[in-house]
Undergrad: 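To start, I am sharing the structure in question, which I have written as structure tokens.
Since the model is a prediction, treat every value here as computed from it, not as a measurement. When a ligand or atom number is given, it counts from 1 through the structure's own listing order.
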Amino acid sequence: MGEQTGHTDELRQRVERHIEAIGEFTSTPGQGTTRLTYSEQDLQARQYIKRTMTEYGLQVREDGFGNIFGRLEGTIEGAPGVLIGSHFDSVPNGGSYDGPAGVVAGLEVARLFRENGLTPKYPLEAVAMTEEEGGRFIGGLLGSRAMLGVISREEFAQTTDKDGITTVEAMRAIGLDPSLPGKREKESIKAFLELHIEQGPILEEEGIPIGIVQAIVGLTQIQVTVRGSAGHAGTTPMERRADALVAASKIVAQLPELAKEQGNGTVATVGRLNVLPNGANVIPDRVVFTADLRAGREEDVLGILDKAETLARSAAGEGIEVEIERQLYIKPKRMSGHVRELLEKSSGALGIEYRPLNSGAGHDAMIFSDFTEVGMLFIPSRGGLSHCPEEWSDPADIARAVDIFYEAAKKLTEAE
Ligand code: HGY
Ligand code: MN
Ligand code: MN
């Protein structure tokens, strides 16, 4: 049989099987995908991914952070690799495509290399990264930031979840070895390709199967702790209260206005908020919440950050104290022009319609873009929905992206 170009139905069926299989590894069956990092569900997904990599004839390796690599060796000794992949953790009660679509694409491109007897000069590596969402540990993009040395091994090891369990304790609990080699030198990476679901409505509304990402928003996350005084809900007169939740609510309620004021597509979200001591008849004395702030231009990221911090600090006084911790700051990132052109040419050669698109979501590609050439493809999200059980994308679109990455990877790895 001649070289397979242009996805076959078998490829689409394999993609569908992978997504369904990985989607089974959730702690909230029937209520979306919840696969927190270094959980039992993470371990099941990890085993599935490694088994598939082995089946596809790849050399499987896990690093000291839990990232998984499936490598097809190249003929040039010590040459940097072309990595294709994404993350396999999820948000709480999320969907089955955010992350795994990109992991599956990497697996299937590697399989096509093997199926067509291709030998790359530069190694090809399918990669599955850990803790991109920040669903368990603070900040997110932890696997890629640790792999590329954006955070040190010590910072990684000291990161804890909400129960105070550290990353390395959680790794050991599922049999991972945090002492394995960690940081990858940037010289060991030639390029990084990531397929991701759009998580927005544009591709579906325009009926276009592929988006070629031009840029990714800048994002910052701050944690705000508002302190007041606990007290009896019944016997404490209103004028004597320092109610932390009332103070925090005033901050949260004004954030959307600040984002609109900043303009240019700036967004602000409070997705996580804890009230303590959380008793129905107790005046709250502490509220801890995160504010996720994003914009396409760095001046807008800095603008909304400054506005949000000024607002938070203004809530202090009359028994209320406010503490702000900056947890993550990533500038807006542009994708590599060379890789974008390669993806455009590959899509064109396959007769697959595409359009340029910017990303309002953060991705591991943001971290790689400071170290190597990076390209991202998007596929349509049904109803533009993501980070919810309704998230769905068409396996045929994932297969189309595999075809495009296959063409591009042949060039990037100089395979014959
Ligand atoms: O938050 C994000 O944009 C991504 O889903 N981690
Ligand atoms: Mn994602
Ligand atoms: Mn996500």
Undergrad: Closer than 4.0 angstrom: is that true for some heavy atom of H87 and an atom of ligand 1?
TA: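 No, H87 has no heavy atom closer than 4.0 Å to ligand 1.
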
Undergrad: Against heavy atoms of R294, which atoms of ligand 1 measure under 4.0 Å?
TA: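 Those qualifying, in numeric order: 1 (O), 2 (C), 3 (O).
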
Undergrad: At under 4.0 Å between heavy atoms, which part of H387 makes contact with ligand 1: side chain, backbone, both or neither?
TA: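 Looking at H387 and ligand 1, just side chain atoms fall under 4.0 Å.
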
Undergrad: For a distance under 2.8 Å, give residue and atom name for each protein N, O or S atom next to the Mn ion (ligand 2).
TA: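 Listed by chain and number: H87 NE2, D98 OD1, H196 NE2.
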
Undergrad: Measure from the side-chain N and O atoms of N116 to the backbone N and O of L112, and report whether any donor-acceptor pair falls under 3.5 Å.
TA: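 Yes, because the side chain of N116 sits within donor-acceptor range (under 3.5 Å) of the backbone of L112.
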
Undergrad: Compute the shortest N/O to N/O distance between G362 and ligand 1 and return yes if it is under 3.5 Å, no if not.
TA: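 Between G362 and ligand 1, an N or O pair is found under 3.5 Å apart.
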
Undergrad: A361 heavy atoms, cut-off 4.0 Å: which ligand 1 atoms fall inside?
TA: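 Going through ligand 1 atom by atom, the ones under 4.0 Å from A361 are 3 (O).
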
Undergrad: Go through the steps for R294 and D292 under the test salt bridge (Lys or Arg N to Asp or Glu O under 4.0 Å), then give the verdict.
TA: CA-CA 7 Å; R294 307 185 189 201; D292 175 308; 2.7 Å; yes

Undergrad: Quick check: does Q199 get an N/O under 3.5 Å from an N/O on ligand 1?
TA: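 No.
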
Undergrad: Mind checking whether Q221 contacts ligand 1 via backbone (N, CA, C, O), side chain (CB onward), both or neither, at a 4.0 Å heavy-atom cut-off?
TA: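 None of Q221 does.
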
Undergrad: So which N/O/S atom does H387 have closest to the Mn ion (ligand 3)?
TA: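 Result for H387 and the Mn ion (ligand 3): NE2.
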
Undergrad: Would you say the side-chain atoms of E108 and Y406 include a donor-acceptor pair closer than 3.5 Å?
TA: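 The answer is no; no qualifying pair exists.
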
Undergrad: Near E133, which atoms of ligand 1 are under 4.0 Å from a heavy atom of that residue?
TA: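 Counting from 1, the qualifying ligand atoms are 4 (C), 5 (O), 6 (N).
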
Undergrad: Hey, what do you get for CE (M147) to CG (L83), rounding to the nearest 0.5 Å?
TA: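 Here the rounded value is 6.5 Å.
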
